[in-house]
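Start at 1 and go down the list; that is how both ligands and their atoms are numbered.
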Amino acid sequence: MCNRVFSIALGTGLVVGVVVGVVTWLLVRTPVEEPPRLLDLDWWEHTVIYQIYPRSFKDSDGDGIGDLKGITSELEHLVDAGVGALWMSPVFKSPMKDFGYDISDFYDIHEEYGTMADFEELVAKAHSLGLKVILDYVPNHASIESHYFIKSEAREPGYENYFVWADPRPDPENPNNRLVPSNWISQFGGTVWEWSEKRQQFYLHQFAIEQADFNFREQAVKDEMVNIMTFWLEKGADGFRVDAIPHLFETEPDENGIYPDEPLSGNMFLNPDQPGYTTQVHVRDLKELYVVVYDWKTAIETWRWNNRTDAKVLLAEAYANIINTMLYYGDEKGRSGAHFPFNFDFITSLNANSNARDFAYIIKHWLTYMPKGNVANWVFGNHDQSRMPSRFRPNMVDGLNSLNMLLPGVAVTYQGEEIGMRDGFVSWEDTVDVAAINQGDETNYLDYSRDPCRTPYHWNNSTNAGFSTSEKTWLPVAEDYMEINLQAQKDADRSHFKVYQILTRLRKEPALSHGSYHVEALTANTLLLIRYLKGYDTYALVFNVGDEPDIALLNEVPFLKFPLTMVATSVHSPRVPGNIHTIDHIELDAGEAIVLKGPPT
Ligand code: GLC
Ligand code: MG
Ligand code: CA
């Protein structure tokens with residue numbers, strides 16, 4: 001009995017206890033926070049853009065020149081690499097004085113590259129693979145073989161002022177002397193003014209003699225530029241990389257028709273024919289140009305809304321100071337411009353001698369000046385610049401690619417960066433770049449040549465690195481293709497390509513696509529980048545940008561919690577993905593980079 005009473009009491013007690021416990025738990029439990037909902041991003045806002053230089057990507061017909069069919073046949077490589085969009089340097093009809101940047105027909109495909117049907121096939125296949133296609137749009141100039149120029153030179157009605165025409169500057173000493181209108185120097189060297197016998201006037205060219213600058217003060221020119229963009233949007237282009245925009249306008253002549261001279265830069269190492277001899281105040285960054293960019297934005301947005309398509313992007317190629325660069329995003333009056341101007345800071349402000357403080361400073365530079373609500377982007381190389389591992393150090397390839405992929409915004413990869421391709425050597429005899437040829441002789445052509453960064457892509461270790469079956473390719477294939485090529489990197493356990501794949505996959509992580517950032521130099525040589533988002537895993541890149549081993553402390557780093565798991569490591573690192581890092585410091589070899597994953601902050 002006693003026992004029974006006791007067990008009833010015990011049972012009741014238990015029940016009461018459990019009920020009280022549950023109620024208390026319900027009342028005092030700390031609510032488990034849901035991770036914040038992620039805003040939908042537009043396709044371009046966190047994509048990786050892969051730049052293809054069509055002449056050097058893949059040759060399908062054995063003429064030693066890359067072409068559209070070649071690109072189409074290798075689109076799977078882009079998917080495999082994990083990029084979202086491709087940008088092709090110009091594929092339009094061109095006499096190739098500047099390898100496609102001198103366009104003679106803005107509405108047609110260059111014969112060596114294929115046909116309009118090939119283009120359509122490329123776009124269709126890219127889209128079916130989920131890749132966006134961005135075209136190169138070259139508004140500043142046209143080839144002197146274009147019908148625009150031919151008509152303008154002949155003063156055909158409607159075309160008289162299509163280009164920038166000028167009379168000779170009067171020579172008080174000798175009226176028969178035909179002086180150039182001003183001392184302005186072309187980007188490729190020599191005067192910007194070229195005499196036309198036919199028209200008996202000079203025309204202006206900021207680049208090669210064969211690339212005549214359009215006159216953007218002429219409404220007909222502005223209208224035609226919009227027609228060209230519309231044509232390619234209708235062909236399925238997903239946007240444009242806009243070439244050489246800072247050069248759109250030049251200062252006008254005074255009431256007597258006299259153009260002002262540029263001030264001299266005072267650089268004693270240059271001769272009067274070399275760019276840099278003058279300070280360019282009359283031929284770049286003129287205020288008028290931004291409005292043209294804003295108008296283009298309106299034009300493509302209007303087209304996009306009328307046609308109910310995905311976003312069409314406008315990406316501005318502008319080597320300019322930070323204030324002028326940011327104007328491409330839009331202005332204070334709320335006018336919207338390019339989706340972004342390319343960020344060339346890693347190219348123009350950093351090199352192999354830069355330390356981690358320089359890197360941190362340069363990263364913050366862009367992010368500090370970028371007006372709120374815009375998307376950043378990062379560029380490590382292109383067809384005009386020495387290749388990334390050559391400008392920095394080959395052992396930095398994985399670290400630089402990691403930086404590109406982990407920084408907020410859009411990552412831009414120039415073909416070959418995913419496998420660490422370096423500059424090829426191009427002899428003076430093999431040189432084809434106008435910027436180098438204009439130097440006249442062998443002495444300093446390599447300081448100007450863009451050929452070394454344009455040598456063909458390394459697919460494998462067969463003839464011509466698998467680029468072409470031709471005996472001779474338009475530029476020689478770089479000698480190191482036996483060691484550095486895509487196939488070898490696919491076959492290897494560890495390679496730049498495999499690191500690149502891990503990184504592009506990692507970009508889907510919320511901290512990378514939507515998170516905040518923290519950048520600092522842990523030591524003079526070890527750079528730290530953290531990406532974090534409340535409720536989601538944190539990612540950190542530690543990267544020794546120096547040329548000797550370095551030790552950095554990790555214990556006082558904000559947003560970083562242990563244990564840390566390695567998710568990507570440089571090819572030459574003694575660590576491999578999956579390793580756990582538990583100690584409060586890290587020792588890195590020269591150039592070594594490690595991407596770590598930590599618990600949510
Ligand atoms: C841009 C291109 C370059 C070209 C120049 C003139 O800078 O990237 O390759 O030579 O414009 O079009
Ligand atoms: Mg070909
Ligand atoms: Ca111009």
Give a yes or no answer on whether the side chain of Glu153 reaches the backbone of Lys151 with a donor-acceptor pair at less than 3.5 Å. no

Is the ring centre of His282 less than 6.0 Å from the ring centre of Tyr259? no

How far is atom 4 (C) of ligand 1 from its nearest protein heavy atom, and which residue and atom is that? Asp98 OD2, 3.3 Å

What atoms of ligand 1 come within less than 4.0 Å of a heavy atom belonging to Arg454? 9 (O)

What atoms of ligand 1 come within less than 4.0 Å of a heavy atom belonging to His383? 2 (C), 3 (C), 8 (O), 9 (O)

Are Phe340 and Phe342 an aromatic pair, judged by ring center distance below 6.0 Å? yes

Would Gln211 count as a contact of ligand 1 if the rule is a heavy atom under 4.0 Å away? yes

Just let me know how His247 lines up against ligand 1, side chain, backbone, both or neither, with a heavy-atom cut-off below 4.0 Å. neither

Degrees at the Ca ion (ligand 3) between the OD1 atom of Asn140 and the OD2 atom of Asp213, nearest 10°: 80°

Is the closest side-chain heavy-atom distance between Trp474 and Ser468 below 4.5 Å? no

Please verify the inter-ring angle class for Phe163 with Phe149; under 30° counts as parallel, over 60° as perpendicular, anything in between as tilted. perpendicular

Which heavy atom of the protein is the closest neighbour of atom 8 (O) of ligand 1, given with residue, atom name and distance? Asp384 OD2, 2.4 Å

Minimum-distance N/O/S atom that Glu250 presents toward the Ca ion (ligand 3): OE2

Ring centers of Trp296, Tyr137 separated by less than 6.0 Å: yes

Atom 1 (C) of ligand 1 [closest protein heavy-atom partner, distance rounded to 0.1 Å]: Asp243 OD1, 2.8 Å

May I ask you to check if Lys132 and Trp44 form a cation-pi contact, with NZ or CZ under 6.0 angstrom from the six-membered ring centre and within 45° of the axis? no

So, do Trp232 and Phe92 have ring centers that fall under 6.0 Å from each other? yes

Mind checking what makes side chain to side chain donor-acceptor pair (under 3.5 Å) contact with Lys472, not counting sequence neighbours? none

Heavy atom under 4.0 Å from ligand 1: found in Arg241's side chain, backbone, both, or neither? side chain

Atom indices of ligand 1 within 4.0 angstrom of Arg450 heavy atoms, with elements: 3 (C), 4 (C), 9 (O), 10 (O)

Residue His247, metal the Ca ion (ligand 3), N/O/S under 3.0 Å: yes

Any donor-acceptor N or O pair under 3.5 Å, side chains Trp193, Ser182: yes

Using the rule given for salt bridge (charged side-chain N to carboxylate O under 4.0 Å, His left out), can you reason through Asp167 versus Arg199, listing the C-alpha separation, both sets of side-chain angles and the distance that settles it, and then say yes or no? CA-CA 10 Å; Asp167 292 326; Arg199 175 151 164 157; over 6 Å; no

Sum up the protein N, O or S atoms located under 2.8 Å from the Mg ion (ligand 2). 5

Tell me: protein heavy atom nearest atom 7 (O) of ligand 1, and distance? Glu317 OE2, 2.8 Å

Among protein heavy atoms, which lies nearest atom 5 (C) of ligand 1, and at what distance? Phe207 CE2, 3.7 Å

At under 4.0 Å between heavy atoms, what of Phe188 touches ligand 1? The answer is side chain

Could you tell me if the ring centre of Phe344 sits under 6.0 Å from that of Trp366? no

Can you confirm if the aromatic rings of Tyr107 and Phe231 lie within a centre distance of less than 6.0 Å? yes

Can you tell which part of His141 has a heavy atom less than 4.0 Å from ligand 1: side chain, backbone, both or neither? side chain

So, His127 and Asp238: side-chain donor and acceptor under 3.5 Å apart, yes or no? yes

